[in-house]
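I have placed the structure first, in the form of structure tokens, so that the comments after it can refer back to it.
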Amino acid sequence: LLFLNQLQKDLEEVKELLAKATRKRLRDVLMTEKHKLELEIKNQPPPKLKDVAEEEKLSLGGYTVKINNYGWDQSDKFIKIYISLSGVQKLPPENVQVNFTERSFDLLVKNLNGKNYTMTFNNLLKPISVEGSSRKIKTDMVLVMCRKKREEKWDCLTQVEKESKEKEKAAYDTSDPSEGLMNLLKKMYAEGDDEMKRTINKAWVESREKQSKGDIPMDI
């Protein structure tokens, strides 16, 4: 919309200059520019209507806060996510909504002290039962109950957490101790400051020198 306004102002100015111009060459240049601007304005897309999600946000009033802090626990049948929200028990029950799918859930708390609160969990570690899942409103807390499809222990909440833990474990848990040491040194080098990098480089050079003299048989 801002760009369209600029084009229209440019066109008005070109028309003003055309009205004052007397030289044919200048008028030709201005006429070309005028046609170009008119075509560009004509081809501008119409202003977008606000999408449904944006309309929903506007209808909520106030502003929306993303929830990042939570606690979780599990039983044989449920994954339980605890979200602290002061005064949430005073809201009408319909203001606390949770939408479940087999591998995710969305929490929306409307108009709590003039704010709206959202939390989204995607890629849950294992499937959950949509019908068996629910939410409970407690004093200063929302409890989201995800019903497990299979009664088994979850090591973490999401697939992303699992992959992150596996990568971290793989970096240190190797059958070859020297390989584990190398991975550790590489990580320290990548994350370290200049002083740390100098220290590791010095240790590396010294170890290679000792190895070339036959003092250290193992390649570290």
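Residue Lys36 holds its NZ atom at 10.5 Å from CG of Asp10, rounded to the nearest 0.5 Å. Between atom OG1 of residue Thr64 and atom CG of residue Asn116 there is a gap of 4.5 Å, rounded to the nearest 0.5 Å. Rounding to the nearest 0.5 Å places NZ of Lys15 at 13.0 Å from CD of Glu33. Here CD of Glu12 is found 12.0 Å from CG of Leu17. Values are rounded to the nearest 0.5 Å. Expressed to the nearest 0.5 Å, how far CG of Asn95 lies from OH of Tyr117 amounts to 13.0 Å.
Taking 4.5 Å as the limit, some side-chain heavy atom of Val96 sits within range of a side-chain heavy atom of Arg135. Within the 4.5 Å cutoff, side-chain heavy atoms of Val144 are placed close to those of Phe100. Within the 4.5 Å cutoff, side-chain heavy atoms of Val109 are placed close to those of Leu107. Within the 4.5 Å cutoff, the side chain of Lys66 has no heavy atoms near those of the Met119 side chain.
The side chain to side chain contact (heavy atoms under 4.5 Å, CB included) test applied to Glu161 returns Tyr70, Cys156, Leu157, Thr158, not counting sequence neighbours. Residues passing the side chain to side chain donor-acceptor pair (under 3.5 Å) test with Lys24 are Asp28, sequence neighbours excluded. In this structure Glu16 satisfies the salt bridge (charged side-chain N to carboxylate O under 4.0 Å, His left out) test with no other residue, sequence neighbours excluded.
Atom CG of Asp73 is surrounded by more than 12 heavy atoms from other residues, nucleotides or ligands within 6.0 Å. In the displayed structure, Lys162 atom NZ is contacted under 6.0 Å by at most 12 heavy atoms of other residues, nucleotides or ligands. Within 6.0 Å of atom CD in Glu13, 12 or fewer heavy atoms from other residues, nucleotides or ligands are found, so the atom counts as exposed in its surroundings.
Val98 and Met141 sit in two unconnected hydrophobic clusters of ILVMFWY residues. Membership requires side-chain heavy atoms under 4.5 Å apart, directly or through other members. Criterion: ILVMFWY side-chain heavy atoms under 4.5 Å apart, direct or through other members. Under it, Phe105 and Leu143 are not part of a common hydrophobic cluster. No continuous path of ILVMFWY side-chain contacts below 4.5 Å connects Leu39 to Met31, so the two sit in separate hydrophobic clusters. Note: the hydrophobic cluster containing Val160 does not contain Trp154 (ILVMFWY, side chain heavy atoms under 4.5 Å, direct or indirect links).
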Practice problem: Show your working on side-chain contact (heavy atoms from CB on, under 4.5 Å) between Ile67 and Thr118 and close with a plain yes or no. | Solution: CA-CA 6 Å; Ile67 302 168; Thr118 63; over 6 Å; no

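The two residues Gln97 and Glu94 make their nearest non-hydrogen contact at NE2-O, 3.2 Å. Nearest heavy atoms, Val65 versus Lys115: CG2-CD, 4.0 Å. For the residue pair Lys34 and Leu18, the shortest heavy atom distance occurs at CD-CD1, 3.6 Å.
For residues 95-108, every residue pair satisfying the salt bridge (charged side-chain N to carboxylate O under 4.0 Å, His left out) rule, not counting sequence neighbours, is listed here: Glu102-Lys149.
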Contacts under 3.5 angstrom, residues 75-93 side chains, donor-acceptor by atom type, not counting sequence neighbours:
unit_1: Ser75; atom_1: OG; unit_2: Lys77; atom_2: N; d: 3.4
unit_1: Ser75; atom_1: OG; unit_2: Phe78; atom_2: N; d: 3.1
unit_1: Gln89; atom_1: OE1; unit_2: Asp140; atom_2: N; d: 2.8

Show which side-chain atoms of residues 121-134 pair as donor or acceptor with protein atoms under 3.5 Å away, not counting sequence neighbours.
unit_1: Ser129; atom_1: OG; unit_2: Gly132; atom_2: N; d: 3.1
unit_1: Ser133; atom_1: OG; unit_2: Ser129; atom_2: O; d: 2.7
unit_1: Ser133; atom_1: OG; unit_2: Arg147; atom_2: N; d: 3.0

